[in-house]
Visitor: 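Dropping the structure in here first, questions after.
One-based numbering along the sequence shown.
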Amino acid sequence: QVQLVESGGGWVQAGGSLRLSCTASGLTSGAYPMGWFRQAPGKERDFVAAINWSASTTYYADSVKGRFTISRGVTRNTVNLEMNSLKPEDTSVYYCAARRGASVQRGASEYDYWGQGTQVTVSS
């Protein structure tokens with residue numbers, strides 16, 4: 001059974017930083033890209049960042065480029081999201097996702113497995 005478990009959400013003032021982590025278990029298919037998405041109340045789930053298995057390719061949403069950094073852990077089954085210069089509009093539930101295909105994708109529908117989400121709140 002595949003499980004993605006996120007950690008690291010919380011509350012921070014604007015301009016602050018937070019680090020999210022997600023650990024995947026049960027994925028036996030080998031190399032799999034992972035990504036982060038976010039969803040605010042009443043809105044669609046939006047792409048934030050994604051990374052391939054080898055960490056050689058990363059994609060970012062324009063809204064977070066230059067402020068957020070996605071990375072994979074040494075064991076490759078962990079993905080991290082370093083979030084700096086946070087803004088109130090970054091407030092959302094953040095979801096970790098993994099897909100069975102080899103290529104990195106931005107669309108939420110391309111991902112097969114999802115974590116339960118972690119709340120990030122940025123106050124002004």
Visitor: Can you find a pair of side-chain heavy atoms, one from Asp90 and one from Arg67, that are under 4.5 Å apart?
Guide: yes

Visitor: Quick one: does Tyr60's side chain have a donor or acceptor within less than 3.5 Å of a partner on Ile70's backbone?
Guide: yes

Visitor: With distance as the sole test, does Glu6 use its side chain to make a donor-acceptor pair with the main-chain N or O of Cys22 at under 3.5 Å?
Guide: no

Visitor: Apply side chain to side chain contact (heavy atoms under 4.5 Å, CB included) to residues Phe47 and Tyr59 and explain how you reach the verdict.
Guide: CA-CA 9 Å; Phe47 171 75; Tyr59 291 161; 3.8 Å; yes

Visitor: Are the side chains of Tyr95 and Leu4 in contact, using a 4.5 Å heavy-atom criterion?
Guide: no

Visitor: Can you pull out every side-chain hydrogen bond (donor to acceptor under 3.5 Å, both in side chains) where at least one residue sits in residues 10-22? Sequence neighbours excluded, please.
Guide: Ser17-Asn84, Arg19-Glu82, Ser21-Asn80

Visitor: Excluding sequence neighbours, so at least two apart, what forms side chain to side chain donor-acceptor pair (under 3.5 Å) with Gln39?
Guide: Arg45

Visitor: Closer than 3.5 angstrom, by distance alone: can the side chain of Arg99 be matched with the main-chain N or O of Glu110 as a donor-acceptor pair?
Guide: yes

Visitor: Check the pair Val93, Arg38 against side chain to side chain contact (heavy atoms under 4.5 Å, CB included), reporting the backbone distance first and the verdict last.
Guide: CA-CA 5 Å; Val93 177; Arg38 64 188 182 186; over 6 Å; no

Visitor: Hey, does Thr121 have a side-chain heavy atom less than 4.5 Å from the side chain of Val12?
Guide: no

Visitor: Minimum heavy-atom separation for Pro88 to Ser123, with atom names?
Guide: CG-C, 4.5 Å

Visitor: What orientation do Phe37 and Tyr111 show, parallel under 30°, tilted 30 to 60°, or perpendicular over 60°?
Guide: perpendicular

Visitor: Under the 3.5 angstrom rule, does the side chain of Asn52 hit a backbone N or O of Thr57 as a donor-acceptor pair?
Guide: yes

